[in-house]
Novice: 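Before I ask anything, let me first share the structure, which is written out below as structure tokens.
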Amino acid sequence: MTHYQTENWWTSPFNEEYRQTLALPEHVQIHDATLRDGEQTPGVVFTPEDKLKIARILANMGVERIEAGMPAVSEADKEAIKSIVKDNLPAKIFTFARAMVKDIEMATECGAHGVVIEVPIGKPKLLYQFGWTWEDVAKKTKEAVKASKDAGLYTVLFPYDTTRADWEDLKNLLGSVCDYCAPDSVGVVDTTGCILPGAMFQLVRRVKNLTGLSVEVHTHNDFGMALANSLAAVEGGADVIHTCLNSLGERTGNTSLFQVLMALKVMFNMDYGTDFGAFKKIADEISAMCNVPLAGNEPIIGDRIFTRESGIGIEMLREKPLAMFSLNPEFVGNEPQIVLGKKSGVKSVEVNLEKLGIKATEDQMRNILAGVKDFGIKNRRLLTDEEFKAIASRELQ
């Protein structure tokens with residue numbers, strides 16, 4: 001078997017050809033921001049106990065950097081960060097900070113390993129929200145970066161709304177800050193999820209060539225391109241991807257940790273020692289914790305991503321699932337489902353009768369199928385097990 005074809009997945013062979021043309025980083029770090037950006041999902045509140053539990057989950061998944069929160073938000077947030085640091089997880093703990101020396105001091109007080117320093121650079125932010133020039137931003141940024149470096153913290157300069165920046169503004173900001181005191185890395189931040197993957201590739205390269213620093217990518221899913229843009233950034237030279245569990249985050253959410261880990265493994269052959277079979281259980285646990293239901297069609301972790309209503313090829317779901325899906329459902333802790341509705345076929349009826357321990361003739365199954373289709377059309381939905389059982393019982397009386 002090749003990398004694109006294993007017992008757990010079967011992806012496009014053209015990926016292999018394309019991957020050979022890439023100069024990928026030897027390793028891509030995962031920086032998860034569920035405890036900060038994820039909690040910014042409207043209505044989501046994590047208790048300190050939740051945060052510690054989530055941090056442990058992230059570390060067990062192979063996440064190397066955990067953004068534990070913003071200590072300036074509240075005393076409770078600060079204490080939660082301290083408790084995560086004290087837990088001595090096999091991951092570096094970062095805090096989020098404004099470009100203020102007092103925020104850097106709080107990061108140090110919490111015992112953090114690193115800090116993400118946010119400053120605005122997107123043109124709409126500068127024009128409408130702050131009324132600043134890039135010079136104003138640079139002036140505020142320099143002392144914060146220097147304070148962070150002097151404190152021995154790994155320092156990420158996070159010029160948010162990067163993808164809507166004027167290039168000259170961004171170039172001048174980064175040049176000015178780096179000349180004064182260079183951070184350890186620079187984030188390319190797609191705050192409003194509005195850049196094309198090809199443009200992300202180019203922007204990462206430009207930032208990397210300009211600064212000579214490590215580049216991190218932080219994307220949102222407003223146009224449904226969060227994962228694509230994260231992978232394009234890696235192709236362009238980024239060596240850190242920011243993620244959130246369950247695609248949490250403001251508006252349409254951040255890049256999904258589950259999708260990133262799966263894509264890096266399957267598409268780029270990068271291994272993090274991750275137990276992919278635990279994904280569904282973890283996703284459901286996080287969903288219950290934050291009271292945000294998962295979409296049924298959420299990639300990797302959705303309840304219905306391995307569901308089939310159409311009768312064509314239905315037998316393959318159990319016999320050869322990779323004929324129907326790119327991922328083996330068992331690989332991600334899920335299972336294929338054969339549901340009943342307007343588009344079902346005789347094989348679908350047969351499989352569901354078997355589940356109920358009921359035998360029927362070919363003619364009986366066709367009559368049951370007619371009842372199933374009629375119900376699905378009239379009610380414009382799938383049948384429940386009880387509804388199917390009632391239709392079958394009437395036919396088999």
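A quick note: this is a predicted structure, and the numbers were derived from the prediction, not measured. The analysis underlying the following values was restricted to heavy atoms, covering all of them including side chains, and did not include hydrogens, waters or symmetry mates.
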Novice: Does either side chain, that of Gln40 or that of Arg36, offer a donor lying less than 3.5 Å from an acceptor on the other one?
Specialist: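 Distance-only check passes for Gln40 and Arg36.
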Novice: State plainly whether the residues Asp374 and Lys342 are in salt-bridge range, i.e. N to O under 4.0 Å.
Specialist: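 Between Lys342 and Asp374 there is no salt bridge, as every charged N stays at least 4.0 Å from the carboxylate O atoms.
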Novice: Answer whether the closest heavy-atom distance between the side chains of Leu327 and Ile300 falls below 4.5 Å.
Specialist: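 Contact flag for Leu327/Ile300 side chains = yes.
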Novice: Looking at Glu330, I want to see if its CD is surrounded by more than 12 non-hydrogen atoms of other residues, nucleotides or ligands under 6.0 Å.
Specialist: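 Open: at most 12 neighbouring heavy atoms sit under 6.0 Å from CD of Glu330.
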Novice: Given the rule in the side-chain contact (heavy atoms from CB on, under 4.5 Å) test, do Glu350 and Lys359 qualify, once you have shown the distances and angles that lead to the verdict?
Specialist: CA-CA 8 Å; Glu350 182 182 349; Lys359 291 186 178 181; over 6 Å; no
Novice: When you check the gap from the basic side-chain N to the acidic O, do Lys125 and Asp161 get nearer than 4.0 Å?
Specialist: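 No, this pair does not count.
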Novice: May I ask whether Val339 and Leu294 are part of the same hydrophobic cluster, defined by side-chain heavy atoms of I, L, V, M, F, W, Y residues being less than 4.5 angstrom apart, directly or through others?
Specialist: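 No.
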Novice: Tell me, with the steps shown, if Trp9 and Lys265 meet side-chain contact (heavy atoms from CB on, under 4.5 Å).
Specialist: CA-CA 11 Å; Trp9 63 80; Lys265 172 66 176 176; 3.9 Å; yes
Novice: If you measure from SG on Cys290 to CD1 on Ile286, what distance do you get to the nearest 0.5 Å?
Specialist: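 Atom-to-atom, Cys290:SG and Ile286:CD1 are 7.0 Å apart.
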Novice: I'd like to know whether Ile195 forms a side-chain contact (heavy atoms from CB on, under 4.5 Å) with Leu203, so could you lay out the CA-CA distance, the side-chain angles of the two residues, the decisive distance to 0.1 Å, and finally the verdict.
Specialist: CA-CA 10 Å; Ile195 194 170; Leu203 181 56; 4.2 Å; yes
Novice: Does atom CZ of Arg164 have more than 12 heavy-atom neighbours, drawn from other residues, nucleotides or ligands, at distances under 6.0 Å?
Specialist: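 Above 12, so yes.
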Novice: Kindly indicate whether the side chain of Leu173, heavy atoms from C-beta on, has any atom under 4.5 Å from the side chain of Val177.
Specialist: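 Heavy-atom side-chain distance check passes, below 4.5 Å.
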Novice: Testing the basics here: between Ala392 and Leu353, what is the closest heavy-atom pair and its distance to 0.1 Å?
Specialist: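 It is CB-CD2, 3.9 Å.
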Novice: Step through the shown structure and confirm whether more than 12 heavy atoms of other residues, nucleotides or ligands are within 6.0 Å of NZ on Lys208.
Specialist: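 Yes, the 6.0 Å shell around NZ holds more than 12 heavy atoms from other groups.
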Novice: Between Ser148 and Thr155, does the side chain to side chain donor-acceptor pair (under 3.5 Å) criterion hold? Intermediate values first, please.
Specialist: CA-CA 6 Å; Ser148 180; Thr155 306; 2.6 Å; yes
Novice: Can you list the steps and then say if Tyr4 with Glu17 is a side chain to side chain donor-acceptor pair (under 3.5 Å)?
Specialist: CA-CA 11 Å; Tyr4 74 85; Glu17 297 177 25; over 6 Å; no
Novice: Do Phe223 and Asp190 make a side-chain contact, defined as non-hydrogen atoms from C-beta onward lying under 4.5 Å apart?
Specialist: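 No, too far: nothing below the 4.5 Å cut-off.
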Novice: Taking atom types as modelled and ignoring hydrogens, do the side chains of Asn8 and Thr6 form a donor-acceptor contact shorter than 3.5 angstrom?
Specialist: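 On atom types as modelled, these side chains do not qualify, holding no pair under 3.5 Å.
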Novice: Between Thr192 and Asp222, do the side chains contain an N or O donor and an N or O acceptor separated by less than 3.5 Å?
Specialist: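 No pair is found: no donor N or O on one side chain lies under 3.5 Å from an acceptor on the other.
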Novice: Is it true that atom CG of Asn209 has more than 12 heavy atoms of other residues, nucleotides or ligands lying nearer than 6.0 Å?
Specialist: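 Yes, the 6.0 Å shell around CG holds more than 12 heavy atoms from other groups.
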Novice: Side chains of Glu309 and Leu340, heavy atoms from C-beta outward: is any pair under 4.5 Å?
Specialist: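 With C-beta onward as the side chain, the pair stays apart.
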Novice: Check whether the side chains of Ser176 and Lys142 place a donor and an acceptor atom closer than 3.5 Å, and report yes or no.
Specialist: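 Yes, because at least one side-chain N or O of Ser176 sits under 3.5 Å from a partner of the opposite role on Lys142.
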Novice: Could you check whether Thr133 and Glu135, counting side-chain N and O atoms only, form a donor-acceptor pair closer than 3.5 Å?
Specialist: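 The criterion, which ignores hydrogens and geometry beyond distance, is satisfied for Thr133 and Glu135.
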Novice: Looking at side-chain heavy atoms only, is the closest gap between Phe268 and Glu235 below 4.5 Å?
Specialist: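 Phe268 reaches Glu235 side chain to side chain.
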Novice: Could you go through the ring pair (Phe, Tyr, Trp, His ring centres under 6.0 Å) check for Phe276 and Phe258 one step at a time?
Specialist: CA-CA 9 Å; Phe276 294 100; Phe258 298 111; 9.9 Å; no
Novice: Closer than 4.0 angstrom, basic N to acidic O: yes or no for Glu79 and Lys82?
Specialist: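 Yes.
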Novice: Whether Arg381 and Glu387 form a salt bridge (side-chain N of Lys/Arg under 4.0 Å from carboxylate O of Asp/Glu) is what I want to check.
Specialist: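 Result for this pair is yes, salt bridge flagged.
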Novice: Where is the tightest heavy-atom contact between Thr243 and Ser256, given as atom of each residue plus distance?
Specialist: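 Closest heavy-atom pair between Thr243 and Ser256: CB-C, 4.3 Å.
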Novice: Without hydrogens or angle criteria, can the side chains of His27 and Glu64 be said to hold a donor-acceptor pair below 3.5 Å?
Specialist: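 Side-chain D/A pair, His27 to Glu64: present.
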Novice: Let me see the working for Arg65 and Val240 under side-chain contact (heavy atoms from CB on, under 4.5 Å), right down to the final yes or no.
Specialist: CA-CA 9 Å; Arg65 287 176 22 180; Val240 181; 4.0 Å; yes
Novice: Looking only at non-hydrogen atoms, find the nearest pair between Val119 and Ala99 and report the distance.
Specialist: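 In terms of heavy atoms, the two residues are closest at CG1-CB, 3.6 Å.
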Novice: Are the side chains of Thr34 and Phe46 in touch, meaning some heavy atoms are under 4.5 Å apart?
Specialist: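 Yes, close enough: below the 4.5 Å cut-off.
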Novice: Looking at every non-hydrogen atom in both residues, tell me the closest pair between Ala238 and Val204 and how far apart they are.
Specialist: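 So the two residues come closest at N-CG1, 3.6 Å.
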Novice: State which residue, out of Ser247, Ser230, Cys244, fulfils the side chain to side chain contact (heavy atoms under 4.5 Å, CB included) condition with Thr255.
Specialist: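 By the side chain to side chain contact (heavy atoms under 4.5 Å, CB included) criterion, Thr255 pairs with just one of Ser247, Ser230, Cys244: Ser230.
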Novice: Can you check whether Val217 reaches Thr219 side chain to side chain, under 4.5 Å on heavy atoms?
Specialist: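 The answer is yes; the side chains approach within 4.5 Å.
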Novice: I'd like to know whether Phe158 forms a ring pair (Phe, Tyr, Trp, His ring centres under 6.0 Å) with His218, so could you lay out the CA-CA distance, the side-chain angles of the two residues, the decisive distance to 0.1 Å, and finally the verdict.
Specialist: CA-CA 9 Å; Phe158 196 78; His218 181 108; 5.1 Å; yes
Novice: Tell me yes or no: between the side chains of Asp284 and Ser287, is some donor less than 3.5 Å from an acceptor?
Specialist: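 Per modelled atom types, Asp284 and Ser287 side chains form no pair under 3.5 Å.
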Novice: For the side chain to side chain contact (heavy atoms under 4.5 Å, CB included) test, which of Val156, Asp150, Ile117 pairs with Val145?
Specialist: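 Per the side chain to side chain contact (heavy atoms under 4.5 Å, CB included) rule, the option paired with Val145 is Ile117, out of Val156, Asp150, Ile117.
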Novice: For the CZ atom on Arg251, are there more than 12 heavy atoms of other groups (residues, nucleotides or ligands in this structure) within a distance under 6.0 Å?
Specialist: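 Yes, because the 6.0 Å sphere around CZ of Arg251 holds more than 12 heavy atoms from other groups.
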Novice: Does the side chain of Lys92 reach to within under 4.5 Å of the side chain of Tyr154, using non-hydrogen atoms?
Specialist: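 No, every pair of side-chain atoms sits at 4.5 Å or beyond.
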Novice: Taking all heavy atoms of Cys110 and all of Lys78, pick out the closest pair and write down the distance.
Specialist: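 Smallest heavy-atom distance, with atoms named: SG-CG, 3.5 Å.
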Novice: Could you check Glu16 against His3 for side chain to side chain donor-acceptor pair (under 3.5 Å), going step by step and ending with a plain yes or no?
Specialist: CA-CA 8 Å; Glu16 294 293 286; His3 181 71; 5.2 Å; no
Novice: How many angstroms lie between atom CG of Leu245 and atom CG of Leu257, to the nearest 0.5 angstrom?
Specialist: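 If I round to the nearest 0.5 Å, the distance is 5.0 Å.
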Novice: Kindly give the heavy-atom pair with the smallest separation between His31 and Glu67, and that separation in Å.
Specialist: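 Result for this residue pair: NE2-OE1, 2.6 Å.
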Novice: Does Lys53 NZ have over 12 foreign heavy atoms under 6.0 Å away?
Specialist: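 No, NZ of Lys53 has 12 or fewer neighbouring heavy atoms, counting only those of other groups under 6.0 Å.
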Novice: Kindly check if the number of other-residue, nucleotide or ligand heavy atoms within 6.0 Å of NZ (Lys146) is above 12?
Specialist: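 Atom NZ in Lys146 is not packed in, count stays at 12 or less.
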